[in-house]
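First up is the structure itself, then whatever we jot down about it.
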Amino acid sequence: MGHVDNANGIPSYWGATGNKLGKLITILATTDFLLFGYDQGVMSGIISADAFTHDFPQVKGDANWEGFVVAIYAVGCLFGACFILKFGDTLGRRKSIFLGPVIMIVGVIIQLACVAPSPGATAQFIIGRFITGIGNGINTSTIPTYQAETSASHNRGKLICIEGGNVAIGTLIAYWIDYGCTYGPHDFVWRFPIAFQCFFAVIVLVMITRLPESPRWLLSKGRREEAKTVLAALSNDTRDSETVTAQMKVIEDGIRASGQLGGHTPVKELFTNGKTQHFRRMLLGLSSQMMQQLSGCNAVIYYFPILFQTSLKTDHNLSLLLGGVNMIVYSIFATSSWWAVERLGRRKLFLIGTVGQCLSMVLTFGALIPGTETAAKGAAVGLFTYIAFFGATWLPLPWLYPAEINPLKTRSKANSVSTISNWLWNFFIVMITPIMINGTGTSGWGTYLFFALMNALFFPIIYFFYPETAGRTLEEIDLIFAKGKLENMSYVKAAKELPKMNEAEIHEKARQYGFYDADEESRAASFSEKAGNSSDSASDGVIGGRDTLEPRDEKKHVPRHIE
């Protein structure tokens with residue numbers, strides 16, 4: 001693992017402990033999502049460049065080939081997410097995160113090795129791009145879980161939103177590198193932007209070699225001594241301290257309670273309901289990723305320059321420049337979610353974003369119908385306002401919501417399913433967008449009408465089915481679903497009616513809902529009394545521990561400060 005003990009007997013990783021170690025983990029996560037965003041945007045400025053269409057002539061003027069070359073990356077990501085669904089619990093977080101960039105670098109090398117133009121060059125490029133996608137799918141399925149399991153509970157939402165925001169910044173970097181490379185030699189135009197992916201991949205690869213494994217995963221595998229070392233480093237305390245001992249006990253109780261001994265949750269658990277509502281909660285996370293893609297985001301991100309060239313009749317240079325400006329807008333608004341996600345809440349941001357995106361698409365398709373240059377400028381405004389609303393709302397939220405809404409027992413697999421949904425619909429949208437633009441009315445206005453209708457459909461789904469999770473401990477989210485099920489009310493209403501609770505109140509409500517058997521009630525009451533008398537001074541505990549309420553046979557402790 002690469003840890004050492006400092007003079008105070010506190011384990012460290014990369015020489016860091018406590019908050020500094022947490023910052024290193026955040027740097028790792030944000031760098032990986034920068035890479036994610038870079039890959040999202042890098043083909044946008046390449047796919048229509050003269051140098052690229054000369055070397056890969058199949059894509060020139062052929063919407064089907066154009067869509068396939070871009071979309072095959074999403075297929076690779078889908079395969080990577082499926083790999084984590086199957087093997088993620090076996091490999092663990094660190095090995096998975098290490099494997100991701102290694103595979104990505106292999107894919108980049110295959111793409112750069114193309115001798116173009118030549119027979120088979122396009123097929124080789126497609127294979128390399130597919131392999132790169134596999135690596136990214138592995139990482140995007142693992143990084144949010146890894147950070148959630150090694151982060152403080154009070155900033156869970158903010159940190160994952162920062163990850164999501166960095167997707168926009170990565171896309172911004174890709175756009176401007178694409179634009180700058182258009183002034184370089186022929187091969188430089190597309191080879192350097194593809195090669196630059198390795199810069200981010202190497203950072204992730206090097207950092208993860210000496211960062212800790214998730215203590216929750218270690219304990220689920222029975223590796224207590226390693227977990228104790230990680231907890232001590234994250235807590236900035238010694239291995240034998242009372243804090244570390246208490247955290248160990250809480251996590252082990254939670255693992256036993258959720259049936260995770262051995263670290264394996266059968267896939268069939270995803271399809272159960274009852275008080276815990278595993279299936280419903282998986283569907284909420286899955287649908288958020290689906291709606292993100294069907295909102296039209298990647299139609300704008302991947303094809304922004306082509307949209308301008310085709311719909312607004314600009315030249316390639318100007319379309320790239322406008323694409324870069326659009327990504328600046330995207331990145332600026334993406335950072336707004338970092339503070340808004342806790343202040344406004346998840347539901348409000350989802351609904352605000354849906355309305356804004358819908359109206360932006362209405363403006364875009366309406367302005368394109370006349371087919372005049374003057375009217376088309378209104379479409380440009382619509383694309384800019386769309387990306388602003390998307391960056392501030394729907395960009396980060398589908399990465400945060402599944403991590404919160406799913407309980408401990410199914411979180412890893414349910415998050416993988418959500419990521420699979422993201423890449424499946426990503427492929428669908430990226431594949432059909434150039435075809436839709438070429439075949440749906442003047443300048444492809446029907447494309448934007450389609451996305452406007454999709455966004456309009458999302459509003460009632462969010463309004464009626466998505467409960468608010470902001471400001472809630474993960475235990476309270478479990479109680480929201482138990483309340484909705486047992487009291488036969490909508491889960492949105494249950495979230496509104498369930499008051500904010502402290503540890504003692506959470507345990508009392510859990511007892512009322514039957515999460516304890518008869519033999520445990522006295523023990524729960526004893527704990528509740530202690531919890532009620534305890535101070536809140538430790539409310540900023542370091543890592544995730546017990547965070548689900550499920551029927552079981554073991555003693556349960558759920559300190560709020562250790563989630």
Side-chain angles (χ1 to χ4, degrees), residues 81 85 141 144-145 148 156-157 160 254 257-260 265-294 345-351 354 394 397-422 424-425 457-498 501 506 509-510 512-515 544 546-552 563:
L85 176 64
S141 297
T145 301
R156 181 181 66 236
I160 297 178
S258 64
Q260 269 200 321
T265 298
V267 173
K268 66 181 181 181
E269 288 291 338
L270 295 173
F271 301 96
T272 60
N273 275 314
K275 286 179 289 189
T276 52
Q277 291 290 299
H278 291 164
F279 183 57
R280 174 181 286 271
R281 294 161 83 168
M282 179 185 71
L283 287 180
L284 288 172
L286 179 155
S287 62
S288 69
Q289 293 279 24
M290 178 188 72
M291 289 188 286
Q292 183 197 64
Q293 296 303 313
L294 289 176
R346 285 52 157 165
R347 269 174 60 83
K348 285 184 179 178
L349 280 186
F350 269 131
L351 294 171
T354 300
W394 275 93
L397 288 175
W399 297 103
L400 166 62
Y401 204 68
E404 289 187 321
I405 210 71
N406 289 297
L408 170 63
K409 187 171 186 176
T410 61
R411 182 171 300 130
S412 177
K413 280 185 164 53
N415 280 346
S416 295
V417 171
S418 297
T419 306
I420 289 170
S421 170
N422 177 283
L424 182 64
W425 290 103
L457 289 174
F458 299 159
F459 190 91
I461 295 173
I462 298 295
Y463 187 83
F464 289 110
F465 296 108
Y466 275 48
E468 181 58 74
T469 57
R472 296 286 193 177
T473 64
L474 299 176
E475 296 82 15
E476 286 177 288
I477 296 172
D478 289 329
L479 291 176
I480 287 170
F481 286 92
K483 179 181 177 68
K485 174 66 175 179
L486 297 175
E487 299 182 19
N488 195 27
M489 66 172 64
S490 77
Y491 299 94
V492 172
K493 183 178 180 182
K496 291 179 180 178
E497 290 190 359
L498 189 73
M501 296 179 288
I506 290 172
K509 184 63 70 173
Q512 292 176 16
Y513 288 154
F515 283 107
R546 175 78 185 124
D547 60 13
T548 189
L549 294 170
E550 300 202 17
R552 77 212 201 286
E563 295 180 2

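Not measured: the values here are computed from a predicted model.
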Going by the rule side-chain hydrogen bond (donor to acceptor under 3.5 Å, both in side chains), which residues pair with Q277 if we only count those two or more places apart in sequence or in a different chain? R280, Y491

Distance from H278 atom NE2 to F481 atom CZ, nearest 0.5 Å? 11.0 Å

Closest non-hydrogen contact found for E476 with G471 is OE1-O, 4.2 Å

Can you measure from NZ (K483) to CD (Q512) and round to the nearest 0.5 angstrom? 9.5 Å

Within-4.5 Å side-chain heavy-atom neighbours: Q289 and Y401: no

Write down the atom of A495, the atom of P467, and the distance for their closest heavy-atom approach. CB-CB, 3.9 Å

Kindly compute the distance separating CZ (F465) from CZ (R347), expressed to the nearest 0.5 Å. 11.5 Å

Check whether K275 reaches the backbone of Y513 with its side chain - one donor and one acceptor, N or O, closer than 3.5 Å. yes

In short, A494 meets I480 closest at the heavy-atom pair CB-O, 3.6 Å

So I462 and M291, do their side chains get closer than 4.5 Å, heavy atoms only? yes

So which atom in Y463 and which in V492 form the shortest heavy-atom distance, rounded to 0.1 Å? O-CG2, 3.9 Å

Check the orientation of Y466 and F350. Use parallel for under 30°, tilted for 30 to 60°, and perpendicular for over 60°. perpendicular

Ignoring hydrogens, what is the shortest heavy-atom contact between E468 and K348? Give both atom names and the distance. OE1-N, 4.3 Å

Say you draw a straight line from CG of L270 to CE of M282; how long is it, rounded to the nearest 0.5 Å? 5.5 Å

Write down the atom of A470, the atom of R346, and the distance for their closest heavy-atom approach. CB-NH1, 3.4 Å

Side-chain contact test, heavy atoms from C-beta onward, threshold under 4.5 Å: evaluate it for E497 versus M489 and give yes or no. yes

Within the side chain of R281, is there an N or O that forms a donor-acceptor pair under 3.5 Å with the backbone of T276? yes

CG (L284) and OG1 (T469) are apart, to the nearest 0.5 Å, by 10.0 Å

Under the side chain to side chain contact (heavy atoms under 4.5 Å, CB included) test against S418, which residue among S287, P402, S141 passes? P402

First locate atom CG of L283, then atom CG of N406, and finally report the distance between them rounded to the nearest 0.5 Å. 9.5 Å

